[in-house]
Amino acid sequence: MQVSLIILAAGQGTRMNSDLPKVLHKLAAVPLLHHAMAAGRALDPARTVVVAGHGAEAVSRAARDYDEEALIVLQEEQLGTGHAVAQAAAHLADATGEVIVLYGDTPFIRPETLEAMLAARKDHAVVVLGFEARDPGRYGRLILDGDALQRIVEFKDATDEERAVTLCNSGVICASAKDLFGLVADLSNDNAAGEYYLTDIVALARARGLSAGVVTCPESETLGVNTRAQLAGAEAEFQRRARAEALENGVTLTAPETVFFALDTVIGRDAIVGPHVLFGPGVTIESGAEIKGFCHLEGAHVSRGADVGPFARLRPGAELAEDVHVGNFVEIKNAILDEGVKVGHLTYLGDAHVGEFTNIGAGTVTCNYDGVMKHRTEIGKRAFIGSDTMLVAPVTLGDGAMTGSGSVITQDVPAEALAIARARQETKPGLATRLMEKLRAVKAAKVKG
Ligand code: UD1
Ligand code: CA
């Protein structure tokens, strides 16, 4: 079955009190919008149309970041959810199969729920996702007629009797492309808000002899983000679920409530994650790797048997092969560390490749930036980099090469060579004592005078 998605993301999100469009606020380290797109992606959609309005340029960029093929339509004026869906007709009018409408600010809809809606389409032309609201507030109310859905009434337009209904509209709607665009084309804005309500397609469908039905899901799934407080609540909820899922999948979390995951974090079975670890986007930790406490990882891949931290930072492009050891106060960016490399302490490796079983001494720095451009450092296999070596890139060190501690390496070092680049030591017998005596005498004279 062919499925297309329409994701509504044109609203400003006034209650966020922000210059940033609401759907670009981050949840689990990625824009809110990506969460809705992720739920939809599980259905392998033929097309995904994002309806953008406020901050359209930034919203389209974020949409394409997630899915290069996402189609964007501009809804210049936000005249309502029905009007927003109608804008997508430009990209979908010729589409066959199903269309699912999602909201960019509703991050927790599960793919299984969308599947259930698609399945319910065999009984109904229009399928709406509803939920039993603990506090129905200003949600649209689903008015049933037996098992069938008769219409949806918005809070503003509802009678007291209708407001007493607790079965509410999540906003997610599914119909064939043909029916959906046929119905939204005929919406009117004759209502309390003066908007084209998508929800009115239910009554319109019924008037045309088409049936409508409801699929329900838990309220937690339909949680929408309208305020910063709700964003914080959604973050807490996301993390709660992600931690539970990691534990379920066989990951050890020694202090689960202090670990923060991104939407796309992947952690293998029998990996161990210590306290206060933060995963930014794009991290994969393979089975059996260990991330010790207080690490910050983003865009990094950690292979089996590797261990990282405590207090390490892996930035985008950090690629750690099997059994790599990265210790405390080490930062790795855009660098490949082959099998068995050890970087124990106080080091920065950026724009580099380190060959297998090389040891990087404490305090080593790849000086990769000359103020204008970035340059690469290439280190061979089984090399030994002395503590406090400055590797001024571009520079290449061969297999088995060595550097003396405190060296500033500005020239290539051939395989198996030892490079020392520091001032030669001079030792002056007795001078320490004589110098101290002299200084004490100077101080004593000052105190007297
Ligand atoms: C909508 C539903 C309501 C439901 C509630 C669930 C309608 C008329 N009402 O109300 O039944 O209970 O969601 O949260 O559909 N948007 C656009 N363009 C527009 C208007 C909205 O893209 O012109 C987007 C918004 O950015 C947002 C989504 O559509 O992502 C929902 O719009 P919003 O105004 O929040 O709808 P509600 O009033 O909450
Ligand atoms: Ca809303």
Side-chain angles (χ1 to χ4, degrees), residues 5-16 18 20-25 27 31-37 40 49-56 59-60 62-63 72-88 100-109 126 128-133 135-143 149 151-158 162-163 165-173 180 183-184 187-204 212 214 216-217 219-227 230-231 234:
L5 304 175
I6 300 176
I7 301 182
L8 304 190
Q12 153 100 66
T14 316
R15 288 194 285 152
M16 295 296 282
S18 172
L20 194 67
K22 174 163 72 179
V23 295
L24 299 188
H25 281 264
L27 175 66
L32 257 180
L33 178 63
H34 289 190
H35 291 257
M37 294 180 81
V49 182
V50 175
V51 182
H54 283 279
V59 170
S60 348
I72 316 292
V73 286
L74 189 63
Q75 186 194 22
E76 303 249 13
E77 268 185 292
Q78 282 71 58
L79 303 179
T81 48
H83 179 259
V85 168
Q87 307 313 300
I100 295 181
V101 179
L102 296 168
Y103 289 173
D105 63 358
T106 306
F108 293 131
I109 304 285
V126 176
V128 171
L129 181 63
F131 64 101
E132 274 299 334
D135 169 15
R138 305 185 62 80
Y139 285 117
R141 306 298 206 265
L142 302 186
I143 309 300
L149 180 60
R151 63 200 176 88
I152 306 178
V153 57
E154 287 304 297
F155 178 81
K156 279 186 185 169
D157 303 285
E162 288 164 337
R163 286 179 181 183
V165 170
T166 52
L167 183 63
C168 291
N169 176 29
S170 70
V172 184
I173 283 187
L180 182 67
L183 291 165
V184 291
L187 289 173
S188 89
N189 63 352
D190 181 16
N191 53 50
E195 287 182 6
Y196 296 90
Y197 292 159
L198 177 59
T199 44
D200 282 350
I201 68 167
V202 170
L204 263 185
V214 182
T216 55
C217 70
E219 183 167 10
S220 56
E221 227 178 288
T222 69
L223 188 106
V225 172
N226 299 298
T227 64
Q230 284 170 345
L231 182 64

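Predicted model, so just to flag it, every value in this text is computed and none were measured. Heads up: numbering here begins at 1 and tracks the sequence. All ligand and atom numbering here is 1-based and tracks the order in the structure.
- Between Ala84 and ligand 1, no N or O atom pair is found at a separation short of 3.5 Å.
- Across all non-hydrogen atoms, the minimal contact from Leu142 to Val165 is O-CG1, 3.6 Å.
- Annotation: cation-pi geometry satisfied between Arg163 and Phe155 (NZ/CZ under 6.0 angstrom from ring centroid, within 45° of ring axis).
- Near Gly80, the atoms of ligand 1 lying under 4.0 angstrom from a non-hydrogen atom of the residue are 19 (C), 20 (C), 23 (O).
- In this structure, CG on Leu20 lies 9.5 Å from CD on Gln12, to the nearest 0.5 angstrom.
- Considering CD1 of Ile72 and CD1 of Ile7, their distance stands at 9.5 Å, rounded to 0.5 Å.
- Taking any N or O of Asn169, backbone or side chain, at least one lies under 3.5 Å from an N or O belonging to ligand 1.
- Nearest approach of Glu162 to Asp157, heavy atoms of both residues: OE1-O, 4.3 Å.
- Contact annotation: for His83 versus ligand 1, there are no heavy atoms closer than 4.0 Å.
- Listed by number with element, the atoms of ligand 1 under 4.0 angstrom from any heavy atom of Asp105 are 27 (C), 30 (O).
- Looking at Ala10 next to ligand 1, an N or O pair under 3.5 Å apart turns up.
- Thr216 contributes atom OG1, which lies 8.0 Å from atom CD of Glu132 (distance to the nearest 0.5 angstrom).
- Taking every heavy atom of Gly140 and a limit of under 4.0 angstrom, the matching atoms of ligand 1 come to 3 (C), 4 (C), 11 (O), 12 (O).
- Considering backbone and side-chain N/O atoms, Glu154 comes within less than 3.5 Å of an N/O atom of ligand 1.
- Every atom of ligand 1 is numbered from 1 in the order shown, and the set under 4.0 Å from a heavy atom of Thr81 is 7 (C), 8 (C), 15 (O), 20 (C), 21 (C), 29 (O), 31 (C), 32 (O).
- Proximity to Ala9 (heavy-atom distance under 4.0 Å) selects the following atoms of ligand 1: 22 (O).
- The shortest N/O to N/O separation between Tyr197 and ligand 1 does not fall below 3.5 Å.
- Atoms of ligand 1 lying under 4.0 Å from at least one heavy atom of Gln78, given by number and element, are 18 (N), 19 (C), 23 (O).
- In this structure, the separation between CD on Glu195 and CD on Glu154 is 8.5 Å, given to the nearest 0.5 Å.
- In this structure, Gly224 has no heavy atom closer than 4.0 Å to ligand 1.
- A donor-acceptor pair is defined here as one N or O able to donate and one able to accept, closer than 3.5 Å; such a pair exists between the side chain of Arg141 and the backbone of Tyr139.
- Residue contacts with ligand 1 for Val51 are absent, since no atom lies close enough (heavy atoms, distance under 4.0 Å).
- A side-chain N or O of His54 and one of Gln78 form a donor-acceptor pair less than 3.5 Å apart.
- Between Leu27 and Leu231, the closest heavy-atom pair is CD1-O, 4.3 Å.
- Val225 and Met16 get closest at one heavy-atom pair: CG1-SD, 4.3 Å.
- If you look at Leu79 next to ligand 1, the close heavy atoms, those under 4.0 Å, all belong to the backbone.
- Contacts between Cys168 and ligand 1, counted as non-hydrogen atom pairs separated by less than 4.0 Å, are absent for every part of the residue.
- For ligand 1, none of its N or O atoms has an N or O atom of Gly171 under 3.5 Å away.
- For ligand 1, none of its N or O atoms has an N or O atom of Thr199 under 3.5 Å away.
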